[in-house]
Amino acid sequence: MASLSSSRRHWVIGDVHGCAASLEALLDQLPACDRLIFCGDVINRGPQIGATMERVWDLVEQDRAVWLKGNHEQDLVDALRLGSWRSQQGLAGCDTFRHLGERRCRTWLERLASLPLAYWGNGWVATHAGFDPISWRPDLSVRMAFWQAYDGRFGEVVIGHTPGPELRKINGIVMVDTGACYGGDLTAYCPETGLVSTSAGLRSLPDPLRGGHPSLTAREWSAQALAARPSIAALERLAAGPAAELIPAAAHRPSECPGAPPCTLASDTP
């Protein structure tokens with residue numbers, strides 16, 4: 001379920017959702033000797049899903065990155081295991097399935113199924129959405145119940161899953177999904193230093209009814225979509241309290257690894 005990090009510095013990256021160009025721009029800003037923790041939901045939504053999956057998996061195989069399971073990865077695994085697209089509405093409506101097709105999706109099945117649910121660092125942990133406040137196991141869809149119940153038992157918890165306009169700190173929880181696929185930024189957060197690095201996400205969404213030309217800016221679409229979600233409104237109310245803190249991106253590029261040993265691979269243990 002989890003991995004334990006060494007002294008190597010880490011960057012936890014929010015939901016990429018097929019935004020390959022944004023990911024490349026972000027990687028250019030991050031030190032090559034640091035480790036990347038993808039917070040899940042690498043797939044679906046964006047225009048370059050296959051390329052994004054391949055890029056992240058290459059980083060995993062190079063032992064530079066850990067890809068955590070998100071609810072989108074789990075949903076695809078569940079749907080593929082139930083049957084073919086001809087009998088599964090969940091597959092027919094899945095962006096990843098439409099982009100890759102059944103044969104290519106099935107080559108990813110075991111990889112996606114084996115993704116870990118959490119990555120444990122020194123005084124912090126990364127997971128996709130949070131922890132079930134009863135069992136305290138990783139939960140891929142939890143929101144407000146975890147935000148309100150978290151008591152600091154795991155140290156700082158870095159999560160994706162819930163998009164917002166900026167990186168947010170609430171009740172010992174750091175939210176790094178800044179809506180790259182909706183016109184926001186793609187964000188990376190270093191739990192050892194508190195530094196933040198961002199790259200621009202999608203700036204417009206294609207309208208398939210108009211030949212793929214953008215008809216509504218992603219920021220407008222995002223604002224409409226998020227305004228309709230009670231959980232986001234609840235987050236804003238929670239964020240208005242004294243425990244909340246908005247964290248701007250670092251003003252300088254984190255191009256060095258101060259205090260870090262030579263770039264050895266992190267030693268991960270179950």
Drop me the distance from [X]'s [atom1] to [Y]'s [atom2], to the nearest 0.5 angstrom.
| X | Y | atom1 | atom2 | result |
| --- | --- | --- | --- | --- |
| Glu54 | Trp108 | CD | CH2 | 4.5 Å |
| Ser197 | Leu26 | OG | CG | 5.0 Å |
| Ile43 | Cys94 | CD1 | SG | 5.5 Å |
| Glu102 | Thr107 | CD | OG1 | 11.5 Å |
| Leu140 | Leu117 | CG | CG | 5.5 Å |

Indicate yes or no for a side-chain donor-acceptor contact from [X] to the backbone of [Y] under 3.5 Å, with no hydrogens or angles considered.
| X | Y | value |
| --- | --- | --- |
| Glu73 | Gly70 | yes |
| Ser22 | Ala200 | yes |
| Thr127 | Ala129 | no |
| Arg104 | Gly50 | no |
| Asp95 | Gly46 | no |
| Asp185 | Thr187 | no |
| Asp132 | Ile134 | yes |

Residue pair [X] / [Y]: nearest heavy atoms and the distance that separates them:
| X | Y | value |
| --- | --- | --- |
| His128 | Cys39 | ND1-O, 2.7 Å |
| Pro191 | Val12 | CD-CG2, 4.3 Å |
| Thr162 | Arg143 | OG1-NE, 2.7 Å |
| Tyr150 | Gly172 | CE2-O, 3.9 Å |
| Ala118 | Leu68 | C-CD2, 3.7 Å |
| Leu202 | Cys181 | CD1-O, 3.7 Å |

Any non-hydrogen side-chain atom of [X] less than 4.5 Å from a side-chain atom of [Y]?
| X | Y | result |
| --- | --- | --- |
| Thr178 | Leu186 | no |
| Gln48 | Cys19 | no |
| Leu36 | Val66 | no |
| Ile159 | Trp147 | yes |
| Leu167 | Val174 | yes |
| Asp41 | Asn71 | yes |
| Thr96 | Ile49 | yes |
| Glu156 | Lys169 | yes |

Do Leu80 and Cys105 pass the side chain to side chain contact (heavy atoms under 4.5 Å, CB included) test, and can you show the C-alpha distance, the side-chain angles, and the key distance before you say yes or no?
CA-CA 8 Å; Leu80 288 170; Cys105 273; 4.2 Å; yes
Test item: side-chain donor near acceptor, Gln74 and Asp78, under 3.5 Å:
yes
Classify the side-chain pair His161/Asp15 by whether it contains a donor and acceptor separated by less than 3.5 Å.
no
Just do the side chain to side chain contact (heavy atoms under 4.5 Å, CB included) check on Val42 and Trp57 with the steps written out, would you?
CA-CA 10 Å; Val42 169; Trp57 192 255; over 6 Å; no
Candidate pair Arg55 and Leu27, rule side chain to side chain contact (heavy atoms under 4.5 Å, CB included), full reasoning:
CA-CA 11 Å; Arg55 180 65 165 122; Leu27 293 177; 3.6 Å; yes
Go through the steps to decide whether Asp139 and Phe146 satisfy the test side chain to side chain contact (heavy atoms under 4.5 Å, CB included), and finish with yes or no.
CA-CA 9 Å; Asp139 187 307; Phe146 168 62; over 6 Å; no
Between Arg64 and Asp34, is the salt bridge (Lys or Arg N to Asp or Glu O under 4.0 Å) condition met? List the steps.
CA-CA 7 Å; Arg64 189 187 172 196; Asp34 288 348; over 6 Å; no
Pick one: which of Ile13, Leu59, Leu112 meets side chain to side chain contact (heavy atoms under 4.5 Å, CB included) with Trp67?
Leu112
Exactly one candidate in His72, Arg98, His17 meets side chain to side chain donor-acceptor pair (under 3.5 Å) with Asn44; the answer is His72
For Tyr119 and His10, take the angle between the two ring planes, folded into 0 to 90°, and tell me which bin it lands in: parallel under 30, tilted 30 to 60, perpendicular over 60.
tilted
Name the orientation class of the two ring planes belonging to Phe131 and Trp120 (parallel below 30°, tilted from 30 to 60°, perpendicular beyond 60°).
tilted
Distance under 6.0 Å and angle within 45° of ring axis: Arg35 vs Trp11:
no
Trp124 ring center within less than 6.0 Å of Phe154 ring center
no
